[in-house]
Amino acid sequence: MVDKQLWVKKQEIDFFNQARGFASPEQLFYKDNIGRYLAYWPKGYKGIKTTLQSRNSLIGNFTEKWTTNLIQEVVKEKGLYAVQDAICDEIALTNMSPADVVISKNKSINQTPEDIILIFEVKMSVVWNWEFSDSSNTLTCLGDFKSHQGNPGLLRSDSMLKAIGKSINIRVSSYKSSTIPIVVIGNTPITDSYYSKVDHLKTSGIIQGFWSVNPKPLDNNGENIKHTQNDGFLRFDTFEELKLKVHDLLSQEQNFFSSMKSKQEIGKIIEIANKKPNYKEKAEEFLRLIKE
DNA sequence: GTCTTGACATCCGACGATTT
DNA sequence: AAATCGTCGGATGTCAAGAC
């Protein structure tokens with residue numbers, strides 16, 4: 001039973017059906033003024049609203065597990081593992097704030113920086129609006145995210161900032177994290193005010209990508225971004241496309257480096273590093289010196 | 001006047017530490 | 001051992017101010 005689908009409406013139906021096993025409709029849906037169970041408040045709804053919190057951790061858990069399974073399929077032929085909630089204190093992945101998903105050489109929850117090959121931060125939401133019927137136990141899709149009041153996933157600026165903050169925390173925790181790519185994975189596009197930011201984050205080496213695994217976030221072929229200019233954001237349309245990109249990222253060894261130094265100091269470092277006989281050793285010397 | 005944005009608010013469950 | 005308290009991270013609502 002290998003599911004190689006990306007995030008489509010079926011995944012959200014699966015989520016609600018699975019959650020219905022142990023949660024009441026009231027814990028999963030809003031109830032509007034005429035008694036309908038709704039995933040989000042539709043745009044233009046003017047009746048009395050309530051605020052639902054009980055669904056948050058459920059969808060969070062579901063999407064992290066779903067992503068782990070998806071990534072497992074991507075890397076299994078390479079003999080690697082997708083590990084959910086991975087802990088590695090050395091690079092700020094603690095018990096209380098683990099990595100949502102990592103690709104690793106081993107499948108244990110407790111990881112060493114040397115084994116971790118890629119870190120995924122998952123930020124996914126319920127994207128579409130749904131109406132649930134208790135009597136017939138069915139779900140009806142009411143529309144895409146433009147039709148409801150919620151702002152799902154990476155379309156929220158504070159979700160973006162949270163993901164960026166966590167990534168920087170990992171980057172500054174230890175130089176041991178400097179060779180591990182970090183990717184934020186979501187199921188929505190990003191807003192255009194973040195297009196240049198994600199490209200800068202990629203160029204500067206902090207975050208290697210913001211990826212959406214939702215091929216068609218909008219109904220009726222609604223236009224949505226495929227990628228930003230420098231590919232800081234990517235939308236994946238098929239499982240194969242995702243697999244290629246992950247393998248591509250795994251095949252190149254990259255180093256993150258940063259500092260705040262005067263041109264004098266930087267010039268000196270370059271001069272010293274340049275005395276090494278080849279590019280690889282020049283680079284190693286440079287990286288060694290810049291973090292002193 | 002309506003839509004979008006960004007900062008702030010909210011509540012839940014899991015967990016660790018502290019108190020009973 | 002059980003109860004209590006505080007903290008955290010999960011997603012999403014709220015609302016004033018800005019953008020159109």
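Chain A is the first sequence line, chain B the second, and so forth, proteins listed ahead of strands; every chain is numbered from 1. Just so you know, these numbers come straight off a predicted model, no measurement behind them.
Backbone-only engagement by Lys43(A) is indicated by non-hydrogen atom pairs under 4.0 Å involving sugar-phosphate atoms exclusively. Counting non-hydrogen atoms under 4.0 angstrom, Tyr30(A) reaches the backbone sugars and phosphates but no base. In this structure, Ser125(A) reaches the sugar-phosphate backbone alone: every heavy-atom distance under 4.0 Å involves primed, P, OP1 or OP2 atoms, never a base.
Contact between the side-chain N/O atoms of Ser97(A) and the OP1/OP2 oxygens of dG9(C) is found at a separation under 4.0 Å. Using a 4.0 Å cut-off, no side-chain N or O of Asn151(A) falls inside it from OP1 or OP2 of dT12(C). One finds a side-chain N or O of Arg55(A) lying less than 4.0 angstrom from the OP1 or OP2 phosphate oxygen of dT12(C). Distances shorter than 4.0 Å separate none of the side-chain N or O atoms of Lys166(A) from OP1 or OP2 on dG9(C). Between Lys49(A) and dG13(C), a side-chain N or O to OP1/OP2 separation shorter than 4.0 Å is absent.
Atom CG of Asn61(A) is separated from atom P of dG10(C) by 10 Å (rounded to the nearest Å). Atom NZ in Lys162(A) sits about 7 Å away from atom P in dG9(C), given to the nearest Å. As a whole-Å value, the separation of Met124(A) CE from dA11(C) P is 10 Å. Atom-to-atom, NZ of Lys146(A) to P of dT4(B) comes out at 8 Å; the value is rounded to the nearest Å. Taking atom CD of residue Glu121(A) and atom C1' of nucleotide dG10(C), one finds them 11 Å apart after rounding to whole Å. One atom, CZ of Phe145(A), and another, C1' of dT4(B), lie 13 Å apart when rounded to the nearest Å. Between the NZ atom of Lys65(A) and the C1' atom of dG10(C) there is a distance of 17 Å, rounded to whole Å. Between the CG atom of Asp89(A) and the P atom of dG16(B) there is a distance of 12 Å, rounded to whole Å.
Of the listed nucleotides (dA11(C), dG6(B), dG13(C)), dA11(C) has the atom at the smallest distance from the side chain of Lys123(A). Checking dT12(C), dC11(B), dT5(B) against every side-chain atom of Gln53(A), the shortest atom distance belongs to dC11(B). Candidate nucleotides dT12(C), dG16(B), dA7(B) were compared by shortest atom distance to the side chain of Asn95(A), and dG16(B) ranks first. Between dT12(C), dT7(C), dG10(C), one nucleotide has an atom nearer to the side chain of Tyr40(A) than all others, and that is dT12(C).
At a threshold of 4.0 Å, the pair Glu12(A)-Lys9(A) does not count as salt-bridged, since none of the basic side-chain nitrogens sits closer than that to a carboxylate oxygen. A salt bridge does not link Glu241(A) with Lys245(A): every distance from a Lys NZ or Arg NE/NH1/NH2 to an Asp or Glu carboxylate oxygen is 4.0 Å or more.
Comparing Ser157(A) and Gln27(A) along DNA chain B, the residue whose closest nucleotide (by nearest heavy atom) sits nearer the 5' end is Ser157(A). Looking at which nucleotide of DNA chain C each of Glu64(A) and Gly150(A) is closest to, the 5′-most match is held by Glu64(A). In terms of position along DNA chain B, the nucleotide closest to Ser193(A) lies nearer the 5' end than the nucleotide closest to the other residue of the pair Ser193(A) and Ser57(A).
Of the N and O atoms on the side chains of Gln53(A) and Asn56(A), at least one donor lies less than 3.5 Å from an acceptor on the other residue. Residues Glu64(A) and Thr67(A) bring no donor and acceptor atom of their side chains to less than 3.5 Å of each other.
The number of heavy-atom neighbours closer than 6.0 Å to NZ of Lys216(A), taken from other residues, nucleotides and ligands shown, is 12 or below.
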(message) Go through it in stages, so that I can follow the logic: the residues are Lys202(A) and Asp199(A), the test is salt bridge (Lys or Arg N to Asp or Glu O under 4.0 Å), and I'd like the CA-CA distance, side-chain angles, deciding distance and then a yes or no.
(response) CA-CA 5 Å; Lys202(A) 177 164 181 271; Asp199(A) 280 347; over 6 Å; no
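Remark: the Asp158(A) side chain and the dC8(B) base include a donor-acceptor N/O pair separated by less than 3.5 Å.
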